[in-house]
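Report on the following structure.
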Amino acid sequence: MQYLAICEDDLLFQFMRNVAAEQGDIRYLVANDKIARGIKRQGGKAWHGDLLKEETYKKVNLRHVDQAIVFVRDSEHQDRICRLLRSLDKRVSIVSLTSDSNGNRESTDPLLRHLQLAHIFEEFCAAQLLDTLNIKKVERIRSLFVDGKKIHILLQHDPDPDAIGSALALRELLGRNRATTPIVTFGSVTRPENVAMIRLLDIQIDRISYEDLHKDGARLALVDVQPPYFDRPLGRVDLVVDHHPKRTSFKARFADLRSGYGSTSTIFTEYLRAAGMEPSQRLATALVYGIKTDTLFLERGSNLADLSAFNFLYPIANKAMITRIERPALPREDLESMGRALSRLQIDNGLAVIHGRGQPRRRDSADGGVLPANRRRRLERGVRPGQRPRGDLRAQRRLRQERRRHHETALRRHRQRRRPSRDG
């Protein structure tokens, strides 16, 4: 579709530029050269001229225009422009955007529609309104760290891709480097996919102690995690950005919590877009993988914001790198553990069961196994990924008993399904 947007200034451009790529090609006709140059600098196609003269429209070649959109504040001039367009082309569709006071006028021209500006405001302005809110938050975040002091970006004990990508984005947003703004954790990265991510994308995550969090007056920012997650008080917290619900109250100089989002990487992608910053391939790859893993490829807990962020990042990201991250080399101990587990394989009426009794349990996994992430099956209840089972030996024994009950239940149900019906 070819659109011609006619306006005295760049208002229609600001309304429509975010949908141009989806809806079709939009050209802008404005009243003077200065406005046209401004639109061109922002990536638009623009011409200028007297909007009431026929010669102006001959430059545009109306034969290639499917729809003209007219917004001029003087209603008399707007009517004259609509009549001029119709006299030049009998088949062009015209949308006349009007104020609330005269938006319900009827027209004898079947290809002319008068629409109230308020009716299209939400469609065309939603992204701009969101950008306005996000740029205010970006400015607030930057104001927290104007003193130039070192910033520790603290992640959970076993950082996941969403946290890692978000931390990288925060550092980019602040214009910092790894020396002045290190990414830190009290634990370590253990999951093979996550280890592959930080290795392939050259992301350094340092281990830190509680005592060193504020060493030499360092500032503290938390991403994808909130202060109550930690066992000990963190002291002064400058920033918290997270997509998880707020379970317990905490204090921070600024917090942006969006439980409706599927990932924290989505929030930081919106920050970058609002600030007019196009992420590098490395950063886009980290953010895409963060969104993908936290939303199970946009299937779990995601909304339109996650989809929009993913669509923005995906063309920039390194898809081959993501494939390499998702298929990491397993450590030798995991392969040996897998071999021992396979040696105890039991087959009952076509159902294969592996009981992991005695297998070393990785602290980053709730699966109790060593298979790649896309083949694991969760066998435990009540233990979140990334958490160590709490309690003493009796609690761990209960977990092993629960796994055994899962296996026995699976075998029993399988036998029942295979048992011939008495009626048959």
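If you're wondering where the values come from, they're calculated on a predicted model, not measured in any experiment. When reading the values below, keep in mind they use all heavy atoms of this one structure, side chains included, and skip hydrogens, waters and symmetry mates.
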Inset, instruction - Measure the shortest side-chain to side-chain distance between R113 and L115 over non-hydrogen atoms and say whether it is less than 4.5 angstrom. - result: yes
Inset, instruction - Could I get the full list of ring-ring contact (aromatic ring centres under 6.0 Å, His included) partners for F310, not counting sequence neighbours? - result: F297, Y314
Inset, instruction - Not counting sequence neighbours, which residues clear side-chain contact (heavy atoms from CB on, under 4.5 Å) with R236? List them please. - result: H214, R219, D238, R253
Legend entry - Any donor-acceptor N or O pair under 3.5 Å, side chains T266, T269: no
Inset, instruction - Tell me, please, whether F145 has K149 positioned over its six-membered ring: NZ or CZ under 6.0 Å from the ring centre and within 45 degrees of its axis? - result: no
Inset, instruction - Before accepting this row, confirm whether a basic side-chain N of the pair K292/E326 lies closer than 4.0 Å to the acidic partner's carboxylate O. - result: yes
Inset, instruction - Please determine which of I322, L313, I316, L200 meets the side-chain contact (heavy atoms from CB on, under 4.5 Å) test together with T285. - result: I322
Inset, instruction - Look at E76 together with R80 and state whether they make a salt bridge at an N to O cut-off of under 4.0 Å. - result: no
Inset, instruction - List in chain and number order the residues that pass salt bridge (Lys or Arg N to Asp or Glu O under 4.0 Å) with R282, two or more places apart in sequence or in another chain; answer none if no residue qualifies. - result: none
Legend entry - salt bridge (Lys or Arg N to Asp or Glu O under 4.0 Å) partners of K45, counting only residues at least two apart: D25
Legend entry - Main-chain N/O of L97 paired with Q78 side-chain donor or acceptor, under 3.5 Å: yes
Legend entry - Salt bridge R324-E193, side-chain N to carboxylate O under 4.0 Å: no
Legend entry - Residues in salt bridge (Lys or Arg N to Asp or Glu O under 4.0 Å) contact with R178, at least two apart in sequence or another chain: D202
Legend entry - Minimum heavy-atom distance E270-A305, with the two atoms named: OE2-CB, 3.6 Å
Inset, instruction - Sequence neighbours left out, what passes side-chain contact (heavy atoms from CB on, under 4.5 Å) with R140? Give chain and number order. - result: S143, L144, F254
Legend entry - Flag side-chain contact, heavy atom, 4.5 Å: I164 against D160: no
Inset, instruction - Answer yes if the side chains of D158 and T190 hold a donor-acceptor pair under 3.5 Å, and no otherwise. - result: yes
Inset, instruction - Just jot down the side-chain hydrogen bond (donor to acceptor under 3.5 Å, both in side chains) partners of H64, sequence neighbours excluded, or say none. - result: N61
Legend entry - side-chain hydrogen bond (donor to acceptor under 3.5 Å, both in side chains) involving R232 - partner list, sequence neighbours excluded: E211
Legend entry - salt bridge (Lys or Arg N to Asp or Glu O under 4.0 Å) partners of R73, counting only residues at least two apart: E8, D9
Inset, instruction - With sequence neighbours left out, write down each residue that passes side-chain contact (heavy atoms from CB on, under 4.5 Å) with N177, or none if nothing qualifies. - result: A179, T180
Legend entry - Sub-4.5 Å side-chain heavy-atom contact between T181 and K150: no
Inset, instruction - Would you please name every residue forming a ring-ring contact (aromatic ring centres under 6.0 Å, His included) with F230, sequence neighbours left out? - result: H157, F186
Legend entry - Any donor-acceptor pair under 3.5 Å from D66 side chain to Q2 backbone: yes
Legend entry - Listed partners of E139 passing side-chain contact (heavy atoms from CB on, under 4.5 Å), at least two apart: I135
Legend entry - Donor-acceptor pair, side chain of N318 and main chain of M321, under 3.5 angstrom: yes
